[in-house]
*Asks:* 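For reference, the structure I am asking about is given below.
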Amino acid sequence: MKIFRLPMLVAVLCMAVVLPQTAAAQTYPNKTITLVVPFAAGGPTDMVGRVVAQSMGVALGQTVVVENRAGAGGTLASAYVARASADGYTLLLHHIGMSTAPGLYRKLAFDPLKDFEYIGQLADVPMTLIGRPDLPAKTPQDLIAYLKRENTKVNLSHAGLGAASQLCGMLLQQAVGAEVTTVPFQGTAPALTALIGGQVDVMCDQTAQTVPHIKAGKVKLYAVTTAQRLKALPDAPTLREVGLKDFEVVVWHGLYAPKGTPAPVLNRLNAAMRDALKDPALVKRLDEVGVRVVQESLQTPDGLRNHLREEVERWGALIRKAGTYAD
Ligand code: ASP
């Protein structure tokens, strides 16, 4: 008899843990879900977040609200979600910054490779190199010469260490061989306002925000950061075309949940995310601003986890070379 007691106890304990989770997963979601966006409202990540939240809400039959938790280049929001309840009601939408943060911060309050469950990759967002409306540089070549000549007199705005705009700005300085003065903001929404107002000179920002402003003539467009030209901005050359060899920054996005979120909940979220990414209204809205939904094989937990791991390594090496750190 005795031999059976321990396994039985283990079985009962396992059921005690698993049953409530299964029950919760069966009724999931029965209240509003919060999608945390790690940058300021009105910016490009916010734009992608709101479009995805809307379509996922329809797929889940529940409201998905966006909560902006800006600060420290997206790392405050990541740390917040890493510590949130693992019940599927707090999620994180983050981008390439999830993979640059471990290289950029000597101390990080979360581990991108250990503290999350991975739901899937969503979309790739190109970047644009833009300038204030009255910047004298007319062409991308003029701009490169201006950066080299004026160096620290040039103000380049970005959204903090860990933001895509900071990564792009850092790579731009390396590629051009210039050292500019960088001005951090809580997101590229306020950074763009400063650029339009002429308080800063240049910035890299994602098309999800910049396309309408470029088309309205509010900022000067110099180039795009992708390897190929963009359908949304066909006249803009790539930075490669203007002589910055191998330059490419594409801002990939992923959907995360806190570590320990039950598998049935994660499956439900992944299915809803994939449904949302097929929504023609979402595809059209994103396509208009140069955003491309990723291929289906990447819309998976492995598609996100593996890419994140590779990117942490890739950017870690490049950041060490650039010597950019925050304590
Ligand atoms: N995408 C960020 C924002 O929404 C900023 C960045 O990553 O550069 O503000």
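Read the numbers this way: they start at 1 and go in the same order the structure lists the ligands and their atoms.
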*Asks:* If you count the atoms of ligand 1 from 1 in the order shown, which ones are under 4.0 Å from a heavy atom of H95?
*Replies:* 1 (N), 6 (C), 7 (O)
*Asks:* Give me the nearest non-hydrogen protein atom to atom 9 (O) of ligand 1 as residue plus atom name, then the distance to 0.1 Å.
*Replies:* T188 N, 2.7 Å
*Asks:* Below 4.0 angstrom, N of the basic side chain to O of the carboxylate: do K231 and D287 qualify?
*Replies:* yes
*Asks:* Knowing that exactly one of H253, Q206, M127 qualifies, which makes a side chain to side chain contact (heavy atoms under 4.5 Å, CB included) with P44?
*Replies:* Q206
*Asks:* Could you tell me if any non-hydrogen atom of P44 lies under 4.0 Å from any atom of ligand 1?
*Replies:* yes
*Asks:* Can you tell whether the side chains of E296 and R274 come within less than 4.0 Å, N to carboxylate O?
*Replies:* no
*Asks:* Of the protein's non-hydrogen atoms, which lies at the shortest distance from atom 8 (O) of ligand 1, and what is that distance?
*Replies:* S165 OG, 2.5 Å
*Asks:* Using the ring centroid of each side chain, check whether Y80 and F110 are separated by less than 6.0 Å.
*Replies:* no
*Asks:* Counting only nitrogen or oxygen atoms and a 3.5 angstrom limit, does D205 reach ligand 1?
*Replies:* no
*Asks:* Closer than 4.0 Å to some heavy atom of G187 - which atoms of ligand 1 meet that?
*Replies:* 9 (O)
*Asks:* Would you mind checking which non-hydrogen protein atom is closest to atom 3 (C) of ligand 1, with the distance to 0.1 Å?
*Replies:* F39 CB, 3.3 Å
*Asks:* Backbone N or O of A272 within a donor-acceptor pair of the D275 side chain at under 3.5 Å?
*Replies:* no
*Asks:* Applying the side chain to side chain contact (heavy atoms under 4.5 Å, CB included) criterion to V125, which one of V250, T45, D205, V48 satisfies it?
*Replies:* V48
*Asks:* Side chain, backbone, both or neither: which part of A159 comes within less than 4.0 Å of ligand 1 when only heavy atoms are counted?
*Replies:* side chain
*Asks:* Can you find a side-chain donor-acceptor pair between S165 and T188 that sits under 3.5 Å?
*Replies:* no
*Asks:* Does the residue Q209 have a heavy-atom contact with ligand 1, meaning some pair of atoms that are separated by less than 4.0 Å?
*Replies:* no
*Asks:* Evaluate the side-chain proximity of R69 to L76: yes if any heavy-atom separation is below 4.5 Å, no if none is.
*Replies:* no
*Asks:* Only heavy atoms of Q206, strictly under 4.0 Å: list the atoms of ligand 1 that pass.
*Replies:* 1 (N), 2 (C), 6 (C), 7 (O)
*Asks:* When you compare ligand 1 with M127, is there at least one nitrogen or oxygen pair between them that comes in under 3.5 angstrom?
*Replies:* no
